[in-house]
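One structure coming up, written as structure tokens, with questions to follow.
Quick note: residue numbers are just sequence positions, from 1.
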Amino acid sequence: MNGVSQMRKCAKEEICEDIMIKILDFLPSKCLAKFKCVSKCWEKYIADCRCRRWIQKPYLVGFFCQHSEIQRELRFFSSSQSVIDGTFDESLDNLFHSNAHLVAASNGFLLCNVKKVHYYVYNPATSQLLVLPKTQICMEDDEYNPPPIGFICKVDNPDNKDIISFTIVRYAIPAKPLQFALQLAVTIESFSSETNVWTANKIILDVPIRLFPCTLTKSPSASVIDGVFCWYDDSLQITVYDSIHKSFWDLKLPEDMERGIGCGYLGSSAGGLYFALNIIFKGTVIVWYLASNIRNRDAVWVKKYVGNVKSTVLQCPEDFGVEGYPHIEFNNMVIHPTVPHIFYLGFQRNIISYDFEKDVAQLVNIFSGGPTMKRYKLFPFEWYQWPRRLL
């Protein structure tokens, strides 16, 4: 019996959760309903399968790129060349306030802010602009240390998918030197399109933590999964806010990450949370996947991909405009919104896409004569249906 148990245990360990879900995804719904009773793990796998089947596939995916100082210099880059029924100005030069910063994107909408406390939501497909009320709390920040913010748009009424609602969440960072002290509470300010008001709540933390800002080298905005907002900040930690259960905590990073030799990035793709470490001097990027539940405070990270992007680019330097460059330093990156093994990376004046599964790099754009990619922020973008109207 011990041998049989050991074989079953090994077989269970060999099939990872992602592969199991992909296998079950091929089965019809009636079979899935029967297999729910096999075990709690199977019940979870089948719930994930059904959720994935109902998730809409975007019509267009890509990313926005905005200069950190010249706000009007905003560009959209599509990962697909397919023709879409409608109009979309990819430059968007004249559609933004002269001092507006793009701070987040979700479900085909953009969140921008002007003078730190004024926000508006914009639909690039329809040029619809919704100006939000002034925030209640003036969170002290500067150009390079904006307050952590999260933005999520969703369809609330399945019968009318042209109308969506949205939620914005941000929290206050203590002023120096207080930000280096353990915080016993955190102030969360949120906005709901359903109520059209900002609300502020003070949450007493179960475990005190230090709160730090998210600079431009970190994730520009929160990754949001099932109502849970996740930020990666300057203290090399992930802060998490559960908007449903009104709780706040810090999430541990992968234990085997090589600390002190690179910069990290946190992003979501295809419903999963991913952490990437850019080992700058090696030109290598390591990607982990959060295998545990997003609400589980004991994070379980699984290493998914390791790619030497620098080596791949330097195999054909002329294709990327880096002839004679012995060293390439990747300054920023974002994950593809729907394909987790594809990342967009910026270096010098170039933006490339890199496929970890195929070890293939492709040139997306070269900013000839302009500033280096250190001056730009990248925002992943999904466009599901248009036109869509804000609630």
request  = Nearest 0.5 Å please: distance from the CD1 atom of Ile294 over to the CG atom of Asp226.
outcome  = 8.5 Å
task = Enter the distance from Ile152:CD1 to Phe229:CZ here, rounded to the nearest 0.5 Å.
result = 7.0 Å
ask   = Closest approach of Ala276 and Phe343, non-hydrogen atoms and distance?
value = CB-CE2, 3.8 Å
inquiry  = Can a donor-acceptor pair be found, under 3.5 Å and without considering hydrogens, that links the side chain of Ser269 to the backbone of His336?
reply    = yes
ask   = Can you find a pair of side-chain heavy atoms, one from Phe248 and one from Ile209, that are under 4.5 Å apart?
value = yes
remark   = Note: Leu314 and Pro317 closest approach over all heavy atoms is O-CD, 3.2 Å
request  = Before giving the answer on side chain to side chain contact (heavy atoms under 4.5 Å, CB included), spell out for Tyr265 and Tyr274 the whole-Å C-alpha distance, their side-chain angles and the decisive distance to 0.1 Å.
outcome  = CA-CA 8 Å; Tyr265 164 78; Tyr274 292 82; over 6 Å; no
message = Donor-acceptor check, side chain of Thr195 to backbone of Phe191, threshold 3.5 angstrom: yes or no?
response = no
query = When you measure from the side chain of Asn365 to the backbone N and O of Asn350, does any donor-acceptor pair fall under 3.5 Å?
reply = no
key: Closest contact, heavy atoms only, Ile335 versus Ser268   = CG2-O, 3.5 Å
inquiry  = Can you tell me how far apart CG (Leu132) and CG (Asn196) are? Round to the nearest 0.5 Å.
reply    = 7.5 Å
ask   = So do the side chains of Glu382 and Thr338 get within less than 4.5 Å of each other, counting heavy atoms only?
value = yes
query = About how many Å separate CD of Glu329 and SG of Cys263, when rounded to the nearest 0.5 Å?
reply = 8.0 Å
ask   = Between Asp206 and Arg297, is a salt bridge (charged side-chain N to carboxylate O under 4.0 Å, His left out) present by the stated rule, with each step listed?
value = CA-CA 12 Å; Asp206 297 334; Arg297 303 195 181 192; 3.5 Å; yes
key: Which atom of Pro208 lies closest to which atom of Leu184, heavy atoms considered   = CG-CD2, 3.5 Å
inquiry  = I'd like to check Tyr171 versus Tyr241 (side-chain heavy atoms, cut-off strictly below 4.5 Å). Are they in contact?
reply    = no
ask   = With distance as the sole test, does Ser292 use its side chain to make a donor-acceptor pair with the main-chain N or O of Val300 at under 3.5 Å?
value = yes
query = Which atom pair, heavy atoms only, marks the closest approach of Lys310 to Ile328?
reply = CE-N, 4.2 Å
message = Does either side chain, that of Asp359 or that of Tyr354, offer a donor lying less than 3.5 Å from an acceptor on the other one?
response = yes
Linked, directly or transitively: Val306 and Leu253 (ILVMFWY side chains, under 4.5 Å) = yes
message = Can a donor-acceptor pair be found, under 3.5 Å and without considering hydrogens, that links the side chain of Ser106 to the backbone of Cys153?
response = yes
query = Without hydrogens or angle criteria, can the side chains of Thr239 and Tyr232 be said to hold a donor-acceptor pair below 3.5 Å?
reply = no
task = May I ask you to test the Phe356-Ile342 pair for a side-chain heavy-atom distance under 4.5 Å?
result = no
query = Checking Gln237 side chain against Leu251 main chain: does a donor-acceptor pair fall under 3.5 Å?
reply = no
Near-ring test Trp288/Tyr305, centroid separation under 6.0 angstrom = no
Non-hydrogen side-chain atoms of Val240 and Val228 separated by less than 4.5 Å = yes
request  = Would you give the length of the straight line joining atom CG of Leu211 to atom CG of Asp233, rounded to the nearest 0.5 angstrom?
outcome  = 7.5 Å
inquiry  = Quick check: is Phe347 connected to Ile366 through a chain of hydrophobic side chains (ILVMFWY, heavy atoms under 4.5 Å apart)?
reply    = yes
request  = Please check if the distance between the ring centroids of Phe63 and Phe381 is under 6.0 Å.
outcome  = no
request  = Consider only side-chain N and O atoms of Asp355 and His341, and report whether a donor and an acceptor are under 3.5 Å apart.
outcome  = yes
message = Measuring only between side-chain heavy atoms, which start at C-beta, is Phe109 closer than 4.5 Å to Ile164?
response = yes
request  = Test Val285 against Leu345 for side chain to side chain contact (heavy atoms under 4.5 Å, CB included), laying out the working first.
outcome  = CA-CA 10 Å; Val285 178; Leu345 300 101; 3.9 Å; yes
inquiry  = Is there a side-chain contact between Val313 and Ile352 in this structure, where contact means two heavy atoms from C-beta onward sitting under 4.5 Å apart?
reply    = yes
inquiry  = Would Lys252 and Asp298 count as a salt bridge (charged side-chain N to carboxylate O under 4.0 Å, His left out) here? Give the steps.
reply    = CA-CA 7 Å; Lys252 302 300 181 183; Asp298 296 323; over 6 Å; no
key: Neighbour count above 12 (heavy atom, 6.0 Å) for Gln362 CD   = no
inquiry  = Using 0.5 Å steps for rounding, measure from the CG atom of Asn201 to the OG atom of Ser243.
reply    = 11.5 Å
task = Give a yes or no on whether the backbone of Ala299 and the side-chain of Asn296 come within a donor-acceptor separation of less than 3.5 Å.
result = no
task = Let me see the working for Ser353 and Val364 under side chain to side chain contact (heavy atoms under 4.5 Å, CB included), right down to the final yes or no.
result = CA-CA 7 Å; Ser353 65; Val364 175; 4.1 Å; yes
key: Between Ser190 and Arg170: side-chain donor-acceptor atoms closer than 3.5 Å   = no
ask   = Quick one: do Val197 and Phe151 end up in the same hydrophobic cluster if we chain Ile, Leu, Val, Met, Phe, Trp and Tyr together by side-chain heavy atoms under 4.5 Å apart?
value = no
request  = For residues Tyr119 and Trp198, establish whether the separation of their ring centroids is below 6.0 Å.
outcome  = yes
message = Could you report the tightest heavy-atom contact between Asp242 and Arg295, atom names first, then the distance?
response = OD2-NE, 2.7 Å
message = If hydrophobic clusters are built by linking Ile, Leu, Val, Met, Phe, Trp and Tyr wherever their side-chain heavy atoms come under 4.5 Å apart, do Leu236 and Trp249 end up in the same one?
response = yes
task = List the steps and the verdict of side chain to side chain contact (heavy atoms under 4.5 Å, CB included) for Leu273 and Trp301.
result = CA-CA 10 Å; Leu273 189 67; Trp301 294 95; 4.2 Å; yes
request  = Kindly indicate whether the side chain of Val121, heavy atoms from C-beta on, has any atom under 4.5 Å from the side chain of Leu110.
outcome  = no
task = Go through the side-chain N and O atoms of Thr167 and Ser192 and say whether any donor and acceptor fall under 3.5 Å apart.
result = no
ask   = Should Val339 and Val302 be regarded as members of a common hydrophobic cluster, given that ILVMFWY residues are connected when their side-chain heavy atoms come within less than 4.5 Å of each other, either directly or indirectly?
value = no
